[in-house]
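Structure record follows, encoded as structure tokens.
Here is the naming used below: chain letters follow the sequence lines, and residue numbers restart at 1 for every chain.
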2 protein chains.
Amino acid sequence: MTTISECGPNDVYAAACPCRDMLDLLANKWSALALGALEDGPRRFGAIKERLQGISPKVLTQTLRRLEEHGLVSREIFPEVPLRVEYSLTPLGVDACVPLAGLRLWVEDNIHRFPASA
Amino acid sequence: MTTISECGPNDVYAAACPCRDMLDLLANKWSALALGALEDGPRRFGAIKERLQGISPKVLTQTLRRLEEHGLVSREIFPEVPLRVEYSLTPLGVDACVPLAGLRLWVEDNIHRFPASA
DNA sequence: GAGCCTAGTTCCCATTGGATACCATGCTCG
DNA sequence: CGAGCATGGTATCCAATGGGAACTAGGCTC
């Protein structure tokens, strides 16, 4: 059994490596979209929900909380009326957006090549 | 219902765009790992299973079949004894590996920045 | 015929995904 | 004063998925 410290070169292929969990966190439809939605600056819950067409509030909350938990997103509450809650990218989140944006763009650019995508 | 041609700029943020399905297919832990496992050439089922530490045969079959279905991977059966089945990347699969490799590498390079990843 | 090899399949259960409905706060309008 | 609306969620429920363990099938080899 490989311990974490021995996980050495941080191999996503190693089951015990924390990389696996991070990959699982990022390699996820809603995570990739949510992080992308914050690329242009902080956004409110409602705005993100509007951008991520088709997401339910529960799943959006789950997604954002999970990203927050792992230090990719920060959540700020403004006790105004009506209540305002803003989500924004942390520096780590900003950096994570680079490969994720690459993935999103690749999909958009290559969608026509997929067979029977109808 | 939005048709493909009307889906316009192929927006992954649009719920009805087939991009969404493709993103869901690729933005997945096992898909990203499986495609990466085939980057160096065709591999047998057993070899892939060995590489993707911790995956169960059922999930691997599901993953590979789904990738095959969408034209990213091709499956070839050699009716030898014992049976040999080789999986390899299609040209589309090869291209898809680029952004996915970027994601895997980013995770490996930045894992130390994640809080409490231990 | 026992056992092994590969490449799965089958069964079953726990977790997750997701839709819908509802809630709390506190304005603002009538 | 109560009705209604806005925001940012929960609560509830059900279906789909993820995933482990065990089993299968064809066909050598011992």
Side-chain angles (χ1 to χ4, degrees), chain A residues 1 12-17 20-35 37-38 42-70 73-88, chain B residues 1 12-17 20-35 37-38 42-70 73-88:
Chain A
M1 172 63 176
V12 287
Y13 285 94
C17 183
R20 195 49 91 66
D21 299 320
M22 290 308 124
L23 185 65
D24 202 21
L25 174 68
L26 294 179
N28 165 286
K29 182 178 57 172
W30 293 128
S31 292
L33 291 173
L35 288 173
L38 298 175
R43 289 213 184 205
R44 308 176 59 166
F45 184 87
I48 301 170
K49 182 168 168 336
E50 207 173 312
R51 183 100 204 274
L52 274 57
Q53 289 177 30
I55 197 171
S56 71
K58 194 195 78 169
V59 174
L60 181 54
T61 301
Q62 283 177 347
T63 303
L64 290 171
R65 293 279 207 280
R66 207 160 134 230
L67 292 171
E68 190 194 4
E69 214 174 295
H70 290 87
V73 157
S74 69
R75 178 171 179 264
E76 194 176 359
I77 302 172
F78 299 86
E80 305 170 355
V81 161
L83 180 63
R84 185 160 60 101
V85 177
E86 275 192 0
Y87 293 88
S88 55
Chain B
M1 174 60 178
V12 287
Y13 285 95
C17 182
R20 195 52 91 65
D21 299 320
M22 289 310 124
L23 185 65
D24 203 21
L25 174 68
L26 294 179
N28 167 286
K29 182 178 59 173
W30 294 127
S31 292
L33 292 172
L35 289 172
L38 298 175
R43 290 213 182 205
R44 307 177 59 166
F45 184 88
I48 302 170
K49 181 167 168 336
E50 207 173 313
R51 183 100 204 274
L52 274 57
Q53 289 177 29
I55 198 171
S56 70
K58 194 196 78 171
V59 174
L60 182 54
T61 301
Q62 282 176 347
T63 303
L64 290 170
R65 292 281 205 279
R66 206 159 134 232
L67 292 171
E68 189 193 5
E69 213 173 295
H70 290 86
V73 157
S74 70
R75 176 171 179 265
E76 195 176 359
I77 303 172
F78 299 87
E80 306 170 353
V81 160
L83 180 63
R84 184 161 61 103
V85 178
E86 275 192 359
Y87 293 88
S88 55

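- Contact check, A:R44 against D:dG8: a side-chain N or O comes under 4.0 Å of OP1 or OP2.
- When each of C:dA19, C:dA21, C:dT9 is scored by its nearest atom to the side-chain atoms of B:P57, the top-ranked nucleotide is C:dT9.
- Formation of a donor-acceptor pair under 3.5 Å by the A:R44 side chain with backbone atoms of A:V85 is not found in this model.
- Closest-nucleotide positions on DNA chain C for A:V59 and A:E80 were compared, and the one nearer the 5' end corresponds to A:V59.
- Among the protein residues, B:Y87 comes within range of the sugar-phosphate backbone only, with heavy atoms under 4.0 Å from sugar or phosphate atoms but none that close to a base.
- With contacts defined as side-chain heavy-atom distances shorter than 4.5 Å, the pair A:R66/A:L25 qualifies.
- Closest to the A:V81 side chain, of the nucleotides C:dT6, C:dC27, C:dG8, is C:dC27.
- When rounded to the nearest whole Å, the span between CZ of B:R65 and C1' of C:dT9 equals 10 Å.
- In this structure, the CD atom of A:Q62 is 8 Å from the C1' atom of C:dG17, given to the nearest Å.
- Between A:R75 atom CZ and D:dT7 atom P the separation is 16 Å, expressed in whole Å.
- Spacing between atom NZ of B:K58 and atom C1' of D:dT24 amounts to 16 Å, rounded to whole angstrom units.
- Protein atom CD1 of B:I55 is 9 Å distant from nucleotide atom P of D:dG20, rounded to whole Å.
- A close approach under 4.0 Å does occur between a side-chain nitrogen or oxygen of B:K29 and OP1 or OP2 of D:dG19.
- Remark: C1' of D:dC28 and CZ of B:R84 are 17 Å apart, rounded to the nearest angstrom.
- Spacing between atom NZ of B:K49 and atom P of D:dG20 amounts to 10 Å, rounded to whole angstrom units.
- Counting to the nearest Å, the P atom of D:dT17 and the CH2 atom of B:W30 are 18 Å from each other.
- Across every non-hydrogen atom of B:L67 and B:A34, the tightest pair is CD1-CB, 4.2 Å.
- Distance alone, capped at 3.5 Å, is enough to place a donor-acceptor pair between the A:Y13 side chain and the B:A37 backbone.
- Taken from CD1 in A:I48 to CD1 in A:I55, the straight-line distance is 9.5 Å, to the nearest 0.5 Å.
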